[in-house]
Colleague: 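I have a structure here, written as structure tokens, and I will follow up with some questions on it.
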Amino acid sequence: MSAPEPDVVRIGSEPAEQDFSGQNLDGADFSGRRLSRADFSGASLRGANLQGAMLDGAKLRLADFSGANLGLACLSGADFSGAKFCEATLERTGMVGSTGRDADFSGAALYYARPGNADLTGAVFRGARIQRAIFRRANLSHTDFRGAEGQANFDGATTDGMKQ
Amino acid sequence: MIFAHFLLEVNEANAFVYACESTREALLVDAGACDPRIAPFLEAHGLRLRTVLITHDHWDHVDGLPEVIDRFQPEEVYSFKGAVAGCSTRVLQQGDAFTLGETSARIVHTPGHTPDGITAIFPGVAFSGDALFSGSVGGTATDADKQRQLDAIREHIFSLPDDTEVHVGHGPSSTVGIEKRYNPFFV
């Protein structure tokens with residue numbers, strides 16, 4: 001039986017702005033990696049492990065993270081417009097200042113996620129678990145929170161046309 | 001460098017191991033609990049816990065310190081105050097520094113959440129305790145404390161290079177550039 005491991009481990013450094021755009025990376029293990037400003041546009045990462053990865057400023061448009069683990073990852077400043085996070089784990093995930101227009105978080109776990117100041121216009125959170133998520137000053141115009149579970153912080157958020 | 005993040009069971013606080021790949025000397029940042037995963041991680045990577053740094057004297061960051069000292073016998077335990085959780089510590093205050101293998105950290109005073117808050121700054125990496133969080137800041141008791149905290153973060157953390165990683169007392173890590181640009185408490 002292997003010893004229990006830390007939540008995130010990162011050893012050494014790697015170049016920023018790596019290009020994974022359009023690749024099939026289903027089930028890949030990117031846990032703990034520093035992937036700042038990397039390009040995953042249109043990539044498929046279904047069921048991938050990105051726990052604790054640093055994806056600050058990354059290009060994630062139209063990527064598919066369905067069922068992926070992004071717990072404790074940093075997606076802050078990233079652009080994941082149109083990306084799919086269906087049934088993904090985004091617990092304690094940093095998403096500050098990110099852009100996620102029309103992203104799909106249906107059924108995702110967003111416990112204690114941090115999308116403050118994010119532009120999530122048109123995003124779908126149907127059936128998502130949002131307990132303690134902090135949407136402070138986020139743009140949630142025309143979002144769909146129907147069936148979402150838990151109490152989140154919406155202080156200062158824009159909620160025009162939000163469906164609950 | 002070798003970095004490990006431990007999400008503790010106590011109040012969802014974080015603790016971190018940060019170690020020099022050359023000398024295998026390791027630092028533990030905060031000790032809300034003596035997490036049972038720390039020892040096997042150190043052993044698996046051939047690391048020796050030489051130093052413990054306490055970012056501030058709150059129970060969820062210090063209560064495991066006696067057990068950590070008993071178990072790992074670190075050579076140095078640092079805090080702002082000289083004693084925490086009944087343990088003597090060496091005092092680190094604004095402008096002080098300490099070495100970790102082939103690198104070193106400088107200390108900046110980041111009070112507000114508590115009077116004794118400090119942030120350790122390594123090249124490219126900062127450990128901010130409960131001063132700065134991803135998209136937030138630590139709670140404060142008064143408006144004056146809040147202003148003191150925001151001022152200290154602006155002066156000592158936001159002056160670092162944008163790519164500097166910031167590892168915080170609760171929640172996910174971030175970078176200086178992201179927090180400076182998007183943290184709702186600053187913009």
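Bear in mind that the values here come from a model prediction, so they are computed numbers and not experimental data. Quick note on labels: first sequence line is chain A, next is B, and so on, each numbered from 1. Side-chain atoms are counted along with the backbone in the values below, which use heavy atoms only and exclude waters and symmetry mates.
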Colleague: Is there a chain of hydrophobic side chains (I, L, V, M, F, W, Y, each step under 4.5 Å between heavy atoms) that links B:Leu92 to B:Val125?
Modeller: yes
Colleague: Any non-hydrogen side-chain atom of A:Ser76 less than 4.5 Å from a side-chain atom of B:Ser134?
Modeller: yes
Colleague: Crowded around A:Gln151 CD? As in, over 12 foreign heavy atoms under 6.0 Å?
Modeller: no
Colleague: Tell me whether B:Ile54 shares a hydrophobic cluster with B:Leu8, the cluster being built from Ile, Leu, Val, Met, Phe, Trp, Tyr side chains joined at under 4.5 Å.
Modeller: yes
Colleague: Taking every heavy-atom pair that is under 4.5 Å apart, which of B:Ile38, B:Ile2, B:Asp163 has the most such pairs with chain A?
Modeller: B:Asp163
Colleague: Keeping B:Arg37 on the side-chain end and A:Glu5 on the backbone end, is there a donor-acceptor pair under 3.5 Å?
Modeller: yes
Colleague: For B:Arg90, is the CZ atom crowded, meaning more than 12 foreign heavy atoms sit under 6.0 Å from it?
Modeller: no
Colleague: A quick test of your reading: do over 12 heavy atoms of other residues, nucleotides or ligands sit less than 6.0 Å from CD of B:Glu43?
Modeller: no
Colleague: For residues A:Arg114 and B:Gly171, report the shortest heavy-atom separation together with the two atoms involved.
Modeller: NH2-CA, 3.9 Å
Colleague: Starting from B:Ile153, can I reach B:Val29 by hopping between I/L/V/M/F/W/Y residues whose side chains sit under 4.5 Å apart?
Modeller: no
Colleague: Would you please go through residues 172-187 of chain B and name the residues with a non-hydrogen atom below 4.5 Å from one of chain A, in numerical order?
Modeller: B:Pro172, B:Ser173, B:Ser174, B:Thr175, B:Ile178, B:Glu179, B:Tyr182, B:Asn183, B:Pro184, B:Phe185, B:Val187
Colleague: Roughly how far, to the nearest 0.5 Å, is the CD atom of B:Glu165 from the CZ atom of A:Arg10?
Modeller: 4.5 Å
Colleague: Flag the one option from A:Asp7, A:Asn117, A:Val96 with the top tally of heavy-atom pairs under 4.5 Å to chain B.
Modeller: A:Asp7
Colleague: Do B:Met1 and A:Leu35 sit in one hydrophobic cluster, given that two such residues count as connected whenever their side-chain heavy atoms are within less than 4.5 Å of each other, even indirectly?
Modeller: no
Colleague: Considering only heavy atoms, which portion of B:Glu12 lies under 4.5 Å from any heavy atom of chain A: side chain, backbone, both, or neither?
Modeller: side chain
Colleague: Does any backbone or side-chain atom of A:Ala73 lie under 4.5 Å from a heavy atom of chain B? Answer side chain, backbone, both or neither.
Modeller: backbone
Colleague: Which bit of B:Phe6 is near chain A, if near means a heavy-atom gap under 4.5 Å: side chain, backbone, both or neither?
Modeller: both
Colleague: Would B:Phe80 end up clustered with B:Phe98 when hydrophobic side chains under 4.5 Å apart are linked, directly or stepwise?
Modeller: yes
Colleague: Top residue by heavy-atom pair count (under 4.5 Å) with chain B, among A:Arg34, A:Met54, A:Met95?
Modeller: A:Arg34
Colleague: For A:Thr93, which atoms come within 4.5 Å of any heavy atom of chain B: side chain, backbone, both, or neither?
Modeller: backbone
Colleague: Please classify the contact between A:Arg137 and chain B as side chain, backbone, both or neither, with a heavy-atom cut-off of under 4.5 Å.
Modeller: side chain
Colleague: Between A:Ile134 and chain B, with a heavy-atom cut-off of 4.5 Å, which part of the residue counts as in contact: side chain, backbone, both or neither?
Modeller: neither
